[in-house]
Each structure stands twice: as C-alpha cells, then as structure tokens.
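Protein chains get the first letters and strands the later ones, always in sequence-line order, with residue 1 at the start of each.
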Protein chains: 2
Amino acid sequence: MDLDARRIEAYFAFMEAGSLLQLLVDDQVRRDGNLSYPQFVLLARLADAPDGRMRMTDLADSAVHSRSGLSYQARLLEDAGLIQRTPSPHDDRSVTAAITDAGRDILARVMPGHLDAVRQGFFSVLDDSQVEALAVTLSAVRDRLRTLVPSATQRRRKAAGG
Amino acid sequence: MDLDARRIEAYFAFMEAGSLLQLLVDDQVRRDGNLSYPQFVLLARLADAPDGRMRMTDLADSAVHSRSGLSYQARLLEDAGLIQRTPSPHDDRSVTAAITDAGRDILARVMPGHLDAVRQGFFSVLDDSQVEALAVTLSAVRDRLRTLVPSATQRRRKAAGG
DNA sequence: TATTGTTATACTCTATAACTATA
DNA sequence: TATAGTTATAGAGTATAACAATA
C-alpha cells in the first residue's frame, strides 16, 4: 500500500475512532457523574490548574470553546455547585472560575471508571511501545493543530473587524 | 514518566487533537463544498461503496448515526441533489441511498483541499514510519471500539425491549 | 479604543418515541 | 413478531452579534 493511501487510512481511522470513543466516554461520564463530556473536560482542566482556578478566557481557549459557549457551560456547572465564579483580583473585567470541593468529589467519583473505559476501549489493543509512540505522535499533532486552529480569542478579534 | 501517565497523556492528546482537527476540516468542507462534516462523511462513504449505493440501515451503522439522525441528513443531502433515495429491489421495507453525479462533483471539488488540510494539520509533523504506525494502531483501536459501542441498530433493539 | 464576560438569538445535530409498511 | 424507514418532538451544544463594564 502506498504512503498516500496509508495516510488516508490513518486519517479516517483517527476520525472514526474519535467518534466512537466520544460515544463511549460520553456515556460513562453521564452515568457515573451526571456530566456531559464538555463539562467533564472543563472540570478536569480546572482540577489540573494551580489552585484549581483559571480565568474564563484562558479556560475557553484551552478547551476550544467560544466564550459564549463557555459561559453557557460555566453556568450549568455553577448551578450544579461544581465550580464557582468570582471577580479576578487584579483585573475587574476578568472572572476566575474555581473548582469547588463538590466538583472535586464528582471528578474523583468519575475518574476511575473513566480511565477504565478508556483502557478497555483504547489501550487494551496496544502494547507498551505503541502507547509510547501514540503519546509522542499525538502530542505533536495536537501542538501543530493548536497553531493552525485559531483560539476563541483569535476568532473573536477577527470577527470584530481585524 | 510511568506507563499510566503515558496513557493518560496519549488519551487527552488524542481527544484534543480530535476536537481541533474537527474544527479544521469542518471549516474546510463548509467553505469548499457548503457541506457539514457529517454530510461530507456520508457522501464519502457512498462514493466508496460499490455502485455508490448503500442501504439506509447499513449507512447509519457505518456512520455511527441513529436512524432518525441519518434520515435527517439524508433529507438535506437529497434536497441538495447530492444523493437519491429509492426503494430497494429485493426488500420493499428497505431504502437504498445512492450518490448522484452532482454529489460526486461536490466531493471531487472538496477532496483535494480536504486532504491538503489534513496533510498540513496532521501529517506534516509525522515521518513515514510514524504514519505507518498510526494507521496500524488507530485501525486496531477503531475495530476494538466498534465491538464495544453498540451500533444504531443494536441501540434500537435494546430500546425496543430486547 | 481594546478587552472581558454575559446574554439573546438562532441554528445544527442527535436521539427517543410513535407511526407506517413490509418480511 | 421483527425489521426498515420516517417524522414529530425535544434537548444539548455552539456560535454570532449586541451589550455592559473595565483597562
């Protein structure tokens, strides 16, 4: 098989595996934590951030969201008591989102089953060297795509008339 | 870095790369062919099938759609003249969807730019052996996920009370 | 003037359930 | 009875544009 055909094969396999894995983990976070996947991702990002806090704009950019989309999800998470939004200390325009104890509890409840599902659906067919190779190549692809796909902030600047 | 951490890294890189690549190609098929990505996928599947035809149920299963979701997309594609639905010859319950000449034209117009976008966003950071490895591992993952995630038909049977 | 965040609004996608028709 | 497909309906997610407030 020539290289071009290999590329197309890899690309479609990637997209389809992505759709299927989405369905799998969507289901898991819904069942085990009553969360949508976008909500799970936001919680996981916050939990990983220093102090469990991030500025709304940075969170939107990091999660590939428009700001309005993030505001929508943040409202749902805040109504559920899983995050809290407060004015930022040094810039009164900004809002800082922080994961709450309840948010961390939910995440702790969901994570084990989540990793189990991913292990079963994804890693069970790979050996250690393949996992290593995937971590390397997919990180490179992700970084490359970040440079190509405009962030929420960049899209907004463009729309404003730049 | 231990293997578990490597796995988590690979998983999140995979999901984020998937989201970003979606944004990139969504945009491309919209601009170049006035298609949504789900519509592009359906056209590409049909174009690849023998005679450019597939039964609706098989198309739904292969594209990870519910049947109603497929009916919706099929109506849009048919209204645009890109596919045509006709009763199946040997089973009057079934409907066969076929890509039209106009559908093939659109696909021919979109594909080069599509592969270009994927090349730039995805393959430009990979060497030949990495592409080869990705094709192998991602195909295995996709096949594994297909066994785990119920198809549209299976989900329907379950809902009916099987 | 530029940036931050929210909201009003509209649109796309998807699914469940109910329905018709055929095997 | 089981399967194929459609439609009515509803809900989630996202984006654009308009807005208010602060830098």
Side-chain angles (χ1 to χ4, degrees), chain A residues 19 22-23 26-27 29-30 34-42 54-61 63-80 83 85-97 149-162, chain B residues 19 22-23 26-27 29-30 34-42 54-61 63-80 83 85-97 149-162:
Chain A
S19 299
Q22 279 276 357
L23 286 177
D26 267 12
D27 230 58
V29 297
R30 174 84 55 195
N34 197 30
L35 294 170
S36 70
Y37 191 71
Q39 287 156 18
F40 167 79
V41 169
L42 290 173
M54 283 180 81
R55 216 169 53 120
M56 290 291 281
T57 293
D58 297 333
L59 194 52
D61 280 352
V64 197
H65 272 290
S66 69
R67 283 207 191 134
S68 64
L70 177 61
S71 281
Y72 170 75
Q73 293 295 349
R75 186 167 57 73
L76 296 181
L77 288 170
E78 193 165 42
D79 288 349
I83 71 169
R85 284 179 289 184
T86 53
S88 300
H90 297 310
D91 185 336
D92 280 350
R93 294 172 302 182
S94 297
V95 168
T96 297
V149 179
S151 71
T153 307
Q154 287 168 336
R155 287 200 297 276
R156 178 172 227 197
R157 279 209 199 89
K158 195 174 156 191
Chain B
S19 300
Q22 278 277 358
L23 287 178
D26 266 12
D27 230 59
V29 297
R30 174 84 55 194
N34 197 29
L35 295 169
S36 71
Y37 191 71
Q39 288 157 17
F40 167 79
V41 170
L42 290 173
M54 282 180 82
R55 214 168 56 120
M56 289 292 281
T57 293
D58 298 332
L59 195 52
D61 281 352
V64 198
H65 272 290
S66 70
R67 283 207 189 132
S68 64
L70 177 61
S71 281
Y72 169 77
Q73 294 295 349
R75 187 168 57 73
L76 296 182
L77 288 169
E78 194 165 41
D79 288 350
I83 71 169
R85 283 179 289 183
T86 55
S88 299
H90 298 310
D91 186 336
D92 280 351
R93 293 172 301 182
S94 297
V95 168
T96 297
V149 178
S151 72
T153 307
Q154 288 168 335
R155 287 200 297 275
R156 177 169 227 197
R157 279 209 200 89
K158 194 175 158 193

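- In this structure a side-chain-to-backbone donor-acceptor pair under 3.5 Å is present from B/Asp61 to B/Thr153.
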Open item on the list: Using the rule given for side chain to side chain donor-acceptor pair (under 3.5 Å), can you reason through A/Thr96 versus A/Ser88, listing the C-alpha separation, both sets of side-chain angles and the distance that settles it, and then say yes or no?
Closed with: CA-CA 5 Å; A/Thr96 297; A/Ser88 300; 2.8 Å; yes
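- Along DNA chain C, the nucleotide nearest B/Gln39 and the nucleotide nearest A/Gly69 are compared for position; the residue whose nucleotide lies closer to the 5' end is A/Gly69.
- A/Ser36 meets the side chain to side chain donor-acceptor pair (under 3.5 Å) test with A/Gln39; sequence neighbours excluded.
- With sequence neighbours left out, A/Arg75 forms a side-chain contact (heavy atoms from CB on, under 4.5 Å) with A/Tyr72, A/Asp79, A/Arg85.
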Open item on the list: Output one letter per nucleotide in nucleotides 17-23 of chain C: B when a protein non-hydrogen atom lies under 4.0 Å from the base, S when only the sugar-phosphate is that close, - when neither is.
Closed with: -B---BS
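- Between the side chain of B/Gln73 and the backbone N or O of B/Leu70, no donor-acceptor pair lies under 3.5 Å.
- Contact annotation for B/Ser66: base contact, defined as any heavy-atom pair under 4.0 Å involving a base atom.
- No contact: B/Arg30 has no heavy atom under 4.0 Å from any strand.
- When the side-chain nitrogen and oxygen atoms of B/Arg67 are compared with OP1 and OP2 of D/dT6, none of them lie within a distance under 4.0 Å.
- Between B/Gln73 and C/dT12, a side-chain N or O to OP1/OP2 separation shorter than 4.0 Å is absent.
- Distances shown here put a side-chain N or O of A/Arg55 below 4.0 Å from the OP1 or OP2 atom of C/dT4.
- Residue contacts shown for B/Ser88 are absent, as no nucleic acid heavy atom lies under 4.0 Å away.
- The side chain of A/Leu76 lies closest to D/dG13, out of D/dG13, C/dT4, D/dT6.
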